Every structure is written in C-alpha cells, then in structure tokens.
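In this text the structure is predicted, and so the values were computed from the model without any measurement.
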Amino acid sequence: MTTQADAWGDPVERAALLARVRDAVLGGGRAEIDPRTVVSDSWRRSLAARVDPDHGAPAHVFDDGELAAVREHHPLSPVLPLLRTTLLEIADEAMHVMIVTDAQGHILWREGAAGMLHLADDLELAEGFRWSEDSAGTNAMGTSLASDAAVQIHSSEHLVAQYHRFTCAAAPIHDPDTGEAVGAVDLTGPVRTFHPSTLALVTAAARLAENHLATRQAIRDERLRTRNLPHLSGLDAPGALLSPAGRVLAATPHGWIDERITLPGAGDRVSLGEHGEGVVEPLAEGWLLRLERPSGMRARPTLALPFLGVPRPVARLDGRPVRLGARHAELLALLALHPEGLSADALALEIYGERGNPVTVRAEMHRLRHLLESLPNGAGVVKTQPYRIEARVDADFLTLRDALRSGAVPDTALVGRGELLPTSDAPGIRALRDELDVGVRRAVLRAGDTAALWALSRTPAGREDLELVDRLRHLLPVSDPRHAELPDDG
C-alpha cells in the first residue's frame, strides 16, 4: 500500500488524494494510503464525541463582553506581542490567519490577512468559538491540545467537510510552572499556500512564547522568595515557600522536600509522604508550607553557614557562634550542598581529590560532630551513614546558587560578600565557587543593575574586572562620587 511519505508533493494533488482517503475510511472501505496515525486517532476521538463529518460546526461559547474578561486574565496575554512579531508578517504574505486558543480550544485572539479573515468568519473560525476536537472535529488547534504535540492538518485530514479547503498548523504552549498546556498557537490558510516549513515556524513561535513565560515566572519566583523569606525563616519546623501551583521555591532545611507537592483540593492539610503531614498557608503570590510537628517533638535546630567572602568562617547553631577550622567549614559546606548525604569516600574525593583517604575524613567528621555536640541542641546535627546535616540549613551560598539557577539577579547584599570560602582548595568547593563567580558576573552584567554592579566591583575579584568597571563608569551619573573610587581607565 502507498504510504503518506509517497504522497507528499503538490498541495492541491495531495488534497485530492486525502479527500479520497477520508471518504474511503469513513465509508468503511479500503483507502489507497493509510491516514497518518495522529489523524486517524483524532478522527476516532471526534466521531466518539458525535461530531458530524458532513455538517459539523464549532460551538459559540463567549460573547464579546465575556471574551474581553477571559483575555485579560489569560496567561497567554503577555506573549501576544511576541507571537505577532514572529508570525503575523508571514501570515499576511501567505494569506493565513494567526490564532491563539486557551487550553480548552476556545479561540481568544485571531489576526491576519483581511481576505482570509472574511473566509474564516464564514466557517466560524473566529474569536469566542471552541475548536476542540469534540466541538469542531479534527483540526490543528484541537488536535495539538488533545495530543499535546505540534500538529499540521491538511485539507481532508480535517474531519468536517467544510474545512477541507484549508491547511492549519498548531503547537501547544505550556505553563512553565505546571508543565500543562495553557493554549495553542495556530496558522491557518488556503490549501494552495501550504508549505512544509509552516509547522516548524509555529513550533518555534510556541517555544519562544514558553521561554518568555519562563522568564516572567523566574521574576515572580524571586519576588516571592524575597518578600516571604522572613516568614520561612521564622518557622519553628521544616517549611517551604511554594509557587501558586505547589513548586518548591525555597526550603528550610535546604532540600528536605521534593521539588513539587500536590496542593490540597480543600482545607489546609497536605500529605508529605514519609515526612508526615504539612499545613499550607496562603501568601499574596503563593503558599507557605509548614511541616506539622507531632506534640512533644523537639524543634529542629538551625545551622547558619555564612561562608561567602570569609577567610575564617563562623557557623551559628541556633544563633550561637561556632568557630570552625578550614576543613570543618569545607565539610559543612559540602554536606549543605548535598542534603541527601555523602559517604566518607565521596567526601574524601570532594575534599582532597583523587588522593583523598576516607579514613582521614572519618577522623575529621568525628571531631566536627564532637564540636557541635558540645553546644545546646548540637546533638545529632550531623548524622552518619551517610554523613548528612539534620538541621535547618541557612547558607548564603545556597541562596545565591538557587537565585542564579532560577535566572534571577541575586540580592545585592549577596553579590557583595565575595567568593565562597576564598582560601579553600578543596575540589568540591572550587567547583561551586567557580559556578557562583561565573554566574554572578554574567547575571549582573546582563541586568545592568547599578547597585549590583557596584557591590560586585567592591569584591577582590570585581576590582580587577575591567569590563565590570567600564560598565559602571558608563552607567554612573557624571556627578556620582563613586567615580572617584573606580580605577583609572588607562
């Protein structure tokens, strides 16, 4: 039997072939080629929903007043300018229309060539109509949402006969927080203007939209963290800041909980698996999660590790200073970096490299545990098998790392503290220190934030960074007295 690959070619000839295939399949006969799997699956779903192949039409759901309200609050509203820039010029030239739907297939926005808009009106391919498969049958918008994949539907691949003169290509757009589709973007036009690259173009536009949404999300995440960290640090039990969808943005102790939790459908109680039960409290832009502690359970101690820019580190256990030797500071930093724990062999590799001896590490860990256990609440702060920290960890270097990995510009105070344990030569510390140094410099230069640039320029590495100094020299007002503190430009 001939395959679809053999049939690609002139779009009009292909349309005629697909018309014969559709008629044969719907009539229960044998077609000269097999429909594509994505098409035959969609036909089955559409027919199961009782869509009429000969006289089907989409449902009209939103009138103009309702549509305006839906658009205003829809998550794809901010990406409309980007989609217009990417697709509209091409749509005009090719006699196409650009369409953006919500996750249910309702057309929220429609723009493009005037002549094509008139044709689309005749088919109710217009704002306020639902083009899901169960309403309009097989079409690129509805099928891309049903299959969660980019799809092109050509001519008679549409189930409903009146759409056969058109080709459409659509791709879903996903919420970066939940990963679920929030809508789809589509290009629809006459069969004769079909081009194989249309699907790739629409897919690229959808990915650009998702990247834009991810950037906006990173900004919201950092704002939520900054505004609500005092609530988190004030808890007397393990807790976390959550996004509106339950994604963990910050946790104390670091890493004690999975990256996402399932929020309760009702009430404020949430199951946390092996940890027991938690309570969620609403914040202005997310949630505060607190682990529900059984009565009589001792509160977890807090271990603060302010290790940025300090040659002689001092930890704090529930506020009490703990003066550390260089090796003990390295061990605590590495355990904070690996909340799941590390074996003696793994710690030896991180501290000494290939020449590391786990026997030496065990001796150092014994001394470190003895030091901590001499303090109130210090017993059990460091556990064995594997070695791990059993306390709420407040580490400035982890806060800085998390901000950078989220794409946010770190807090100016953190930027100005300097390098992580600057005198350490441990491979594991060097690797994180390099990651932080490169990430901070890149983020600060990209953002062009004067306060952050100035803070970084006050660090030992920043004073020697000619590009950084030059950027500050151009950004600072001429009258700013800080000009006098910048090194000469040559």
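Looking only at distances, no side-chain donor or acceptor of S135 sits under 3.5 Å from a matching main-chain atom of W131. At least one donor-acceptor pair under 3.5 Å links the side chain of R388 to the backbone N or O of T384. Here the side chain of H74 pairs a donor or acceptor atom with the backbone of L76 at under 3.5 angstrom. Using a distance-only test at 3.5 Å, with no hydrogens or angles considered, no donor-acceptor pair links the side chain of N139 to the main chain of C168. H73 places a side-chain N or O within 3.5 Å of a backbone atom of A69 that can act as its donor or acceptor partner. Formation of a donor-acceptor pair under 3.5 Å by the S42 side chain with backbone atoms of V38 is not found in this model. Judged by distance alone, with hydrogens and angles left aside, the side-chain atoms of R320 form no donor-acceptor pair with the main-chain N or O of L375 at under 3.5 Å. Under the 3.5 Å distance criterion, the side-chain polar atoms of D268 are left unmatched by any main-chain donor or acceptor of V280. The closest donor-acceptor contact from the side chain of D258 to the backbone of R260 lies at 3.5 Å or more, if one exists at all. Not one N or O on the side chain of T459 forms a donor-acceptor pair closer than 3.5 Å with the backbone of G416.
Considering N228, V279, L235 in turn, L235 is the only one that fulfils the side chain to side chain contact (heavy atoms under 4.5 Å, CB included) rule with L288.
A salt bridge links R225 to E222: one of the charged nitrogens lies within less than 4.0 Å of a carboxylate oxygen. Under 4.0 Å is where a charged nitrogen must lie from a carboxylate oxygen, and between E259 and R247 no such pair does. For the pair R362 and E364, the salt-bridge criterion is not met [side-chain N within less than 4.0 Å of a carboxylate O]. A salt bridge links R441 with D465: the closest approach of a Lys/Arg side-chain nitrogen to an acidic carboxylate oxygen falls below 4.0 angstrom. With respect to R45 and E133, a salt bridge is recorded, a charged nitrogen being found less than 4.0 Å from a carboxylate O. Under the 4.0 Å criterion applied to side-chain N and carboxylate O atoms, D480 and R482 are assigned as salt-bridge partners. With salt bridges taken as basic N to acidic carboxylate O contacts below 4.0 Å, one links E292 and R290.
You'll find the side chain of I261 reaches within 4.5 Å of the side chain of V270, heavy atoms only. V61 has its side chain out of reach of F129: every pair of non-hydrogen atoms, C-beta onward, lies at least 4.5 Å apart. No side-chain heavy atom of V415 sits less than 4.5 Å from a side-chain heavy atom of L453. For the pair V79/L213, a side-chain contact is recorded, criterion being any heavy-atom separation below 4.5 Å from C-beta on. Taking 4.5 Å as the limit, every side-chain heavy atom of P306 sits out of range of all side-chain heavy atoms of F397. Counting heavy atoms from C-beta on, the side chains of E127 and R71 come closer than 4.5 Å. Under the 4.5 Å side-chain criterion, counting only non-hydrogen atoms from C-beta, D175 is not in contact with P75.
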(request) Could you give me the CA-CA distance, side-chain angles and deciding distance for T302 and L317, then say whether side chain to side chain contact (heavy atoms under 4.5 Å, CB included) is met? (result) CA-CA 6 Å; T302 297; L317 183 63; over 6 Å; no
(request) For R84 and E111, run salt bridge (Lys or Arg N to Asp or Glu O under 4.0 Å): C-alpha distance rounded to whole Å, both residues' side-chain angles, the deciding distance at 0.1 Å, then the answer. (result) CA-CA 8 Å; R84 290 187 182 108; E111 301 178 30; 2.7 Å; yes
(request) Go through the steps for D186 and V202 under the test side chain to side chain contact (heavy atoms under 4.5 Å, CB included), then give the verdict. (result) CA-CA 7 Å; D186 169 278; V202 170; 6.0 Å; no
(request) May I have the step-by-step check of side chain to side chain contact (heavy atoms under 4.5 Å, CB included) for T188 and H96, ending in yes or no? (result) CA-CA 5 Å; T188 294; H96 282 53; 5.7 Å; no
(message) Would L303 and L305 count as a side chain to side chain contact (heavy atoms under 4.5 Å, CB included) here? Give the steps.
(response) CA-CA 6 Å; L303 182 64; L305 304 176; 3.9 Å; yes
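For R323, there are no salt bridge (Lys or Arg N to Asp or Glu O under 4.0 Å) partners two or more places apart in sequence or in a different chain. Residues passing the ring pair (Phe, Tyr, Trp, His ring centres under 6.0 Å) test with H275 are W256, sequence neighbours excluded. Residues that satisfy the salt bridge (Lys or Arg N to Asp or Glu O under 4.0 Å) test with D437, not counting sequence neighbours, are absent from this structure.
With a 6.0 Å radius and a threshold of 12 heavy atoms from other residues, nucleotides or ligands, E66 has its CD atom above the threshold. For H370, the NE2 atom is loosely surrounded, since the number of other residues' heavy atoms within 6.0 Å does not exceed 12. More than 12 heavy atoms of other residues, nucleotides or ligands sit less than 6.0 Å from atom CZ of R463. Sparse packing is recorded around CG of D64, with 12 or fewer heavy atoms of other residues, nucleotides or ligands lying under 6.0 Å away.
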Between side-chain atoms of residues 420-429 and protein atoms elsewhere (two or more places apart, or another chain), which donor-acceptor pairs fall under 3.5 Å?
| residue | atom | partner | partner atom | Å |
| --- | --- | --- | --- | --- |
| S424 | OG | E330 | OE2 | 2.6 |
| S424 | OG | A426 | N | 3.2 |
| D425 | OD1 | R430 | NH1 | 3.2 |

Can you give each donor-acceptor pair under 3.5 Å made by side-chain atoms of residues 337-344, sequence neighbours left out, with the distance rounded to 0.1 Å?
| residue | atom | partner | partner atom | Å |
| --- | --- | --- | --- | --- |
| H338 | ND1 | E340 | OE2 | 3.3 |
| S343 | OG | A346 | N | 3.1 |

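The closest side-chain donor-acceptor pair between E180 and H174, if any, does not fall under 3.5 angstrom. Between the side chains of D221 and S406, no donor-acceptor pair is found at a separation under 3.5 Å. A donor and an acceptor atom, one from each side chain of E277 and S271, are nowhere located under 3.5 Å apart.
Atom-to-atom distance recorded for L241:CG and L232:CG is 4.5 Å, nearest 0.5 angstrom. Distance check, rounded to the nearest 0.5 Å: NE2 of H483 to CG of L476 gives 4.5 Å. Atom CZ of R417 and atom CG of L308 lie 6.5 Å apart (nearest 0.5 Å). In this structure, the separation between CG on L335 and CG on L347 is 5.5 Å, given to the nearest 0.5 Å. Here the NE2-CG distance, from H328 to L372, works out to 9.0 Å after rounding to the nearest 0.5 Å. In this structure, the separation between CG on L349 and CG on D345 is 9.0 Å, given to the nearest 0.5 Å.
Considering every non-hydrogen atom in both L332 and I389, the closest pair reads O-CD1, 3.8 Å. Taking both residues in full, the closest heavy atoms of I257 and A240 are given as CG2-CB, 4.5 Å, listed atom of the first, atom of the second, then distance. Taking each heavy atom of A315 and L324 in turn, the nearest pair found is CB-CD1, 3.7 Å. Across all non-hydrogen atoms, the minimal contact from L82 to A205 is CD2-O, 4.4 Å. Closest approach of A181 and L145 over heavy atoms only: CB-CD2, 4.3 Å. Closest non-hydrogen pair, T360 versus Y352, comes out as CG2-OH, 3.4 Å.
Residues H106 and F62 place their aromatic rings such that the two centres sit under 6.0 Å apart.
Under the salt bridge (charged side-chain N to carboxylate O under 4.0 Å, His left out) criterion, no residue pair touches residues 139-150, with sequence neighbours excluded.
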